[in-house]
**Student:** 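Quick one: the structure is below, and I'll ask about it shortly.
Here is the naming used below: chain letters follow the sequence lines, and residue numbers restart at 1 for every chain. Computed from a prediction, not measured in an experiment: that's the story for all the values here.
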Amino acid sequence: MTVVEDTGARSSVTSGRRPSRLFRNPMSKIASIPLIITSVGIFVGCTVWTIVYSFTNSRLLPRLEFVGLAQYERLWSDNRWLTSISNLGKFGVFSMVFTLVIGFFLATLLDRKIRGEDIFRTIILYPFALSFIVTGLVWQWILNPQFGIQHVVRSMGWESFTFDPLNNPQIVLYGLLIAGLWQGTGLIMCIMLAGLRGIDEDIWKAAKVDGIGTVKTYIQIIIPMMRPVFITSLVLIAAGIIKVYDLVVAQTSGGPGLSSQMPAMYVYSYMFGGQNLGQGFAASTMMLLSVAIVLIPWAYLEFGGKKRG
Amino acid sequence: MKLTTKLLAATAIVTAGAAHAVELEVTHWWTSGGEAAAVGKLAEAFNASGDTWVDGAIAGGGDTARPIMVSRILGGDPMGAFQFNHGRQAEELIAAGLLQDLTEVAEANNWAEIIRPSSLLDACTLDGRIYCAPVNIHSWQWLWLSNQAFADAGVPVPTNWDEFVAAAPALEAAGKIPLAMGQQSWQTSGAFGVMSVAIAGVDAWLAVNRDKSVEAAEGPEFKAVWEAFAAARSLSAGSTVQDWNQATNLVITGAAGGQIMGDWAQGEFAVAGQTAGVDYTCLPGLGVNEIISTGGDAFYFPVNSDPEVTAAQFRLAALLVEPETQVAFNLAKGSLPIRGDVDLAAANDCMKKGLEILASGNILPDGTMLLSPDTGNQLNDLMVEFWNSPSITAEEGQARFAAIIATAD
């Protein structure tokens, strides 16, 4: 390490001018070439390829016969796609709000230096160790009216008790939401807790001196100070929402009917099941677009602003 | 240390054994009790001939299995053989030159003459070459009834669809689900196909499915189908199971009155030890229009570089059509054999009904032979949405159905 730096310094002295930024530390740049090629090739290249082919009438195998926007027109008049989008929207909003609120609330409870904090933290974080497939299957059984909660409550004497979210198209999304929150809040809680622990003790002392109540301190002082933590959580949750697929497949496989369909399932079903690549590509391009619409303004605000200021 | 030695020894034995025979991985989606029993017969026959059948069953039905198989073939990791419903599902794989041409095997074994009806071999043929070995005939057009459920409800077992609908209130009063239906979309879509053949008649069905006629899809015959389909929807309100064999199980246990399902359901009744005519009743063509479609399963063989594997693929293809294999397999599966010259003395009542209809020539091509998978997928989506949303009216359903037929290819 030091040797490399020394030679770098000496050569810059001998040549008499600052070396180009591109050639500084050349070994690490050479080492990262494979990664750069992979990421550019795989991510950018394949994305462009997918977008191009979404304008063709490819069936099982890709072929370059352009049909203009026909795949997109069909996509946006397809009831299943529209249902998927609205499902994702509802699931996304609820999941975002509840994960943040519950995660922060649990983190503040643990932050009050309670006894047995380690045990509670472990218990709450534990579901995160399970995959979405396992989570989905576990909750499918718990919410099954013949074996799960409904059955248990009924056998305790409440004969008319009904709780069957996975079989009721009106509330099936809440059934998914329960499982998603159970799995995901633990991680957010831990991130929040780390953020809370990073707050200087003196802030609390100052707030106490000024006679500000605990709740008010949290909301008006601590939360604004935790902005980076919130942003990280937000990105993590948002990424989880966009790619939600395995949870739904395991829990309801999109049913009853089409009531819990998600965009990713539509893509899969048309690309492979329906042997219509063009339609699947059009749908995945729309998914990419929706992510870009959310991410680009955010990235601009987050990173672009700092450089100029 | 000792264990390692044992394992090494075991590995050595396994490898040594494999050197003599070719191992052929066969993927299929036959995982229910009756289906697994049937596929076991094929494996037995193939192993007896000296090769090794490596079973690659994929659970979850054709909609789950087909994409996995296709992506393995496209990804350059082909299995030895795979099962599809013959028809248009493999069209593009054949066109891309990824599947083995079986014409030589077919000519050597005289398939053109023994396979009956000839539409089965036509479905395997593209540009005069044969690409698959059909193994059975499956027909969708069956209504399976639980004799016990009707006895419990105190009504006679219906002999046609109208009587079944009329008996439904009595079944409901006895705390039973009149019509069992799994939640997967191909099941609702299939039931719709059955009802349209039975209610709209063959001509209207062919006009829509073969000729893609929008007028016929909007016409009065299909209006009647949609009304009956909407009525059937309300009969299955309590049926929350997912898989078809779970729904069949509701009929077997007498918790449900009936199920519209293809003749593969028979394998489940057989595994449960039930007797046709005593424990359960079957009505071909819903008892209205006794006609069956001749879809079915076929094995396809991906092209590969190893000549030994190719030879084994040809051996398996020939074996599948042999009379002995046909009898053993079809009796277990509950399907009909693809050749008329085999003796199915052991066939039960329902299979005999099917064989009679087949012999009398009241047959139809299957939906999967006429519609592309893309159109099939769209119809599946529509049917499963309709079935689960009572707010969609029959008229609305018919209008959307006609719109899909208008763009079908």
**Student:** Do Asp381(B) and Tyr270(A) pair up side chain to side chain, a donor and an acceptor below 3.5 Å, judged on atom types alone?
**Tutor:**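 Indeed, the side chains of Asp381(B) and Tyr270(A) share at least one donor-acceptor pair under 3.5 Å.
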**Student:** Considering only heavy atoms, which portion of Ser372(B) lies under 4.5 Å from any heavy atom of chain A: side chain, backbone, both, or neither?
**Tutor:**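 Answer is side chain: those atoms of Ser372(B) sit under 4.5 Å from chain A.
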**Student:** At a 4.5 Å cut-off on heavy atoms, which part of Pro256(A) comes close to chain B: side chain, backbone, both, or neither?
**Tutor:**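 Both the backbone and the side chain of Pro256(A) come within 4.5 Å of chain B.
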**Student:** Sort Glu385(B) into side chain, backbone, both or neither according to what part of it lies under 4.5 angstrom from a heavy atom of chain A.
**Tutor:**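 Both backbone and side chain.
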**Student:** Do you know which of Met383(B), Arg66(B), Gln89(B) has the most heavy-atom pairs under 4.5 Å to chain A?
**Tutor:**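 Heavy-atom pairs under 4.5 Å are most numerous for Gln89(B).
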**Student:** Flag the pair Arg400(B) / Asn79(A) as yes when at least one side-chain heavy-atom distance between them is below 4.5 Å, and no otherwise.
**Tutor:**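 Arg400(B) reaches Asn79(A) side chain to side chain.
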**Student:** Does Tyr268(A), at its OH atom, have more than 12 non-hydrogen atoms belonging to other residues, nucleotides or ligands within less than 6.0 Å?
**Tutor:**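 Atom OH in Tyr268(A) is crowded, with more than 12 foreign heavy atoms closer than 6.0 Å.
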**Student:** Assess, by modelled atom type and distance only, whether the side chains of Ser269(A) and Asn377(B) contain a donor and an acceptor separated by less than 3.5 Å.
**Tutor:**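 Ser269(A) vs Asn377(B): donor-acceptor pair found between side chains.
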**Student:** Can you tell me if CZ on Phe161(A) sees more than 12 non-hydrogen neighbours from other groups inside 6.0 Å?
**Tutor:**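 Atom CZ in Phe161(A) is packed in, count exceeds 12.
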**Student:** For Asn388(B) and Leu258(A): C-alpha separation, side-chain torsions, deciding distance, then whether side chain to side chain contact (heavy atoms under 4.5 Å, CB included) applies.
**Tutor:** CA-CA 8 Å; Asn388(B) 286 283; Leu258(A) 298 179; over 6 Å; no
**Student:** What are the two closest non-hydrogen atoms of Pro373(B) and Gln275(A), and how far apart are they?
**Tutor:**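 Here Pro373(B) and Gln275(A) meet closest at CG-OE1, 3.4 Å.
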**Student:** For Glu91(B), is it the side chain, the backbone, both, or neither that has a heavy atom closer than 4.5 Å to a heavy atom of chain A?
**Tutor:**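 Contact with chain A is absent: no heavy atom of Glu91(B) under 4.5 Å.
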**Student:** Need one label for Arg80(A): side chain, backbone, both or neither, based on atoms under 4.5 Å from any heavy atom in chain B.
**Tutor:**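 For Arg80(A), the contact with chain B is made by the side chain alone.
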**Student:** Any chance you could lay out the salt bridge (Lys or Arg N to Asp or Glu O under 4.0 Å) test for Arg74(A) and Asp374(B), step after step, and finish with the verdict?
**Tutor:** CA-CA 12 Å; Arg74(A) 175 173 153 190; Asp374(B) 186 34; 2.9 Å; yes
**Student:** Using a 6.0 Å cut-off, check whether atom CZ of Phe66(A) has over 12 heavy atoms from anything other than its own residue.
**Tutor:**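 Yes, CZ of Phe66(A) has more than 12 neighbouring heavy atoms, counting only those of other groups under 6.0 Å.
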**Student:** Would the number of heavy atoms belonging to other residues, nucleotides or ligands and lying under 6.0 Å from CH2 of Trp49(A) be above 12?
**Tutor:**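 Check passes, neighbour count above 12.
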**Student:** For Leu93(B), which atoms come within 4.5 Å of any heavy atom of chain A: side chain, backbone, both, or neither?
**Tutor:**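 Both parts, heavy atoms under 4.5 Å.
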**Student:** Are there over 12 heavy-atom neighbours, none belonging to Tyr72(A), within less than 6.0 Å of that residue's OH?
**Tutor:**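 Count over threshold, so yes.
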